[in-house]
Amino acid sequence: MKKPTPNEIGQGYDAFTDLLDQLWGENLHHGYWEDASDDVSVKDAADRLTDKLAGLLTIEPGDRLLDLGCGIGEPAIRLATAHKIEIVGVSISGRQVERAHDRAVSAGLADRLSFQLADAMDLPFPEESFDIVWALESLHHMPDRAHVLRQATRVLRPGGRVAIGDFMLQPSADGYEAGAARVNEASKGVLSVIGRDAYLAMIREAGLVPVASEDVSRHTRPSWVKAGERFAALREQAVPHIGEEQFDLTLARFRAFSEEPALGYALLTARKPS
Ligand code: SAH
């Protein structure tokens with residue numbers, strides 16, 4: 001199935017920024033719930049996922065971090081609040097870049113945070129110019145993960161680190177391939193997922209050494225249910241934008257994903273050899 005191009009992804013994020021605010025909030029990524037009885041808010045659960053990923057990394061004062069697919073800047077603001085680091089965020093959505101910048105100014109962090117419109121497939125940065133490359137729930141959108149990982153290796157200094165939060169294919173009763181096909185079909189090609197071993201091999205082929213890999217599927221799965229509930233409540237606002245048919249498809253997709261055993265989620269880190 002044909003994946004949307006980076007420009008199409010950017011146009012989608014630009015066009016639906018208000019709806020996305022209401023659907024996901026300021027973090028455009030999944031939440032982390034301890035278990036079914038955990039009643040933490042969506043915002044707190046999403047911040048928790050940011051913190052979990054950051055907790056798998058060594059972050060030193062003065063580090064320069066590249067945020068690939070920065071959304072409206074909430075993870076960057078959270079990271080820069082917790083650590084005295086400099087962050088450059090890139091997004092394929094110009095509207096997100098403007099909003100991330102405005103939000104960094106409001107947070108009093110504009111001296112250490114900057115955002116720019118760029119395609120992660122073609123990073124406009126010199127070699128060895130970052131200590132950390134961070135990609136939270138963005139690589140699945142990009143046409144070629146392996147290519148983006150090679151780009152990350154290029155812009156990292158030796159000894160630099162990579163942090164990834166991404167969807168990951170889980171073995172299901174009918175096998176890997178059937179699960180991958182279901183996810184690909186239900187998402188219309190947006191969620192192309194691969195299994196853990198394939199992911200780790202791709203990280204190695206990009207010239208990186210895998211460090212941590214944590215399967216958090218059980219903890220992020222409630223996000224699909226909650227997204228479905230919120231989206232259902234947005235019907236009146238969403239239908240004029242995307243039409244009835246697309247609305248129903250999207251809602252059905254959230255529901256299908258919440259029950260799809262093959263669709264998992266992983267936090268991964270790696271380092272570039274010194
Ligand atoms: N990491 C953010 C946003 C996740 S949403 C957060 O957790 O809040 C996915 C992000 O990836 C969006 O910002 C989208 O614009 C960005 N993205 C998708 N494809 C991209 C590409 N080819 N280059 C740069 N950014 C891209």
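Values below: all heavy atoms of this structure, side chains included; hydrogens, waters and symmetry mates excluded. Start at 1 with the first residue, then count along the sequence.
Checking side-chain atoms of S223 against main-chain N and O of G31 turns up a donor-acceptor pair under 3.5 Å. Listed for the D63 side chain is no donor-acceptor partner under 3.5 Å among the backbone atoms of I85. Side-chain N or O atoms of D119 include one that pairs as donor or acceptor with a backbone N or O of M121 at under 3.5 Å. The main-chain N or O of E260 is found under 3.5 Å from a side-chain atom of R221 such that the two form a donor-acceptor pair. R103 places a side-chain N or O within 3.5 Å of a backbone atom of I72 that can act as its donor or acceptor partner.
Going from atom CD1 of I132 over to atom CD1 of I59 covers 5.0 Å, rounded to the nearest 0.5 Å. In this structure, D21 CG and L28 CG are separated by 8.0 Å, a value rounded to the nearest 0.5 Å. Atom NZ of residue K52 and atom CG of residue L49 lie 9.0 Å apart, to the nearest 0.5 angstrom. In this structure, CH2 on W134 lies 8.5 Å from CD1 on I87, to the nearest 0.5 angstrom. Atom CG of L267 sits about 9.0 Å away from atom CE of M168, to the nearest 0.5 Å. Atoms CD and OG1, from Q96 and T17 in turn, are 7.0 Å apart once rounded to the nearest 0.5 Å.
H241 is not listed as a side-chain neighbour of Q246, based on a closest heavy-atom distance of 4.5 Å or more. By the 4.5 Å heavy-atom criterion applied to side chains, L68 and L123 are counted as neighbours. For the pair P210 and Y199, the minimum side-chain heavy-atom distance is 4.5 Å or more. Taking 4.5 Å as the limit, some side-chain heavy atom of I77 sits within range of a side-chain heavy atom of T81. Side-chain atoms of D38 and R48, non-hydrogen and from C-beta on, do get closer than 4.5 Å to each other. Counting heavy atoms from C-beta on, the side chains of K43 and E74 come closer than 4.5 Å. By the 4.5 Å heavy-atom criterion applied to side chains, Q170 and P261 are not counted as neighbours. When side chains are defined from C-beta on, Q116 counts as touching F125, because their heavy atoms get closer than 4.5 Å.
Separation of the H101 and F115 ring centroids does not fall under the 6.0 Å cut-off. Aromatic pair H30/F167: centroids less than 6.0 angstrom apart.
Under the 3.5 Å distance criterion, with hydrogens and angles disregarded, a donor-acceptor pair is assigned to the side chains of S217 and D215. Side-chain contact check for N184 and S192: no donor-acceptor pair (N or O, by modelled atom type) lies under 3.5 Å.
What you find for I203 and I164 is that their closest heavy atoms are CD1-CD1, 4.4 Å. The heavy-atom pair separating W24 from A227 by the smallest distance is CH2-CB, 3.9 Å. Annotation for I9 and I92: closest pair CG2-CG2, 4.1 Å, computed over non-hydrogen atoms. Contact record, A80 with L113: CB-CD1, 3.2 Å, taken as the closest heavy-atom pair. Across every non-hydrogen atom of A262 and V183, the tightest pair is CB-CG2, 4.4 Å. Across all their heavy atoms, A206 and T153 have their closest contact at O-OG1, 2.8 Å.
Cluster membership check: L66 does not share its hydrophobic cluster with L57, using side-chain heavy-atom separations under 4.5 Å among Ile, Leu, Val, Met, Phe, Trp and Tyr.
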### Task
Could you walk me through whether V211 and V162 pass side chain to side chain contact (heavy atoms under 4.5 Å, CB included), step by step?
CA-CA 9 Å; V211 178; V162 177; over 6 Å; no
### Query
Can M202 and L149 be said to form a side chain to side chain contact (heavy atoms under 4.5 Å, CB included), step by step?
CA-CA 8 Å; M202 197 167 67; L149 286 172; 3.8 Å; yes
### Task
Would you check, one step at a time, whether the test side chain to side chain donor-acceptor pair (under 3.5 Å) holds for T5 with N7?
CA-CA 5 Å; T5 64; N7 275 340; 5.6 Å; no
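For CZ of R218, the number of neighbouring non-hydrogen atoms (other residues, nucleotides, ligands) closer than 6.0 Å is 12 at most.
The aromatic rings of H219 and Y32 lie parallel to each other, with less than 30° between the two planes, well short of the 60° mark. In this pair, F231 and F247 present their aromatic rings parallel. The plane angle is below 30°, not in the 30 to 60° band.
Between E229 and K226 there is no salt bridge, since none of the side-chain N atoms of the basic residue sits less than 4.0 Å from a carboxylate O of the acidic one. Using a 4.0 Å cut-off between charged side-chain N and carboxylate O, D131 and R157 make a salt bridge.
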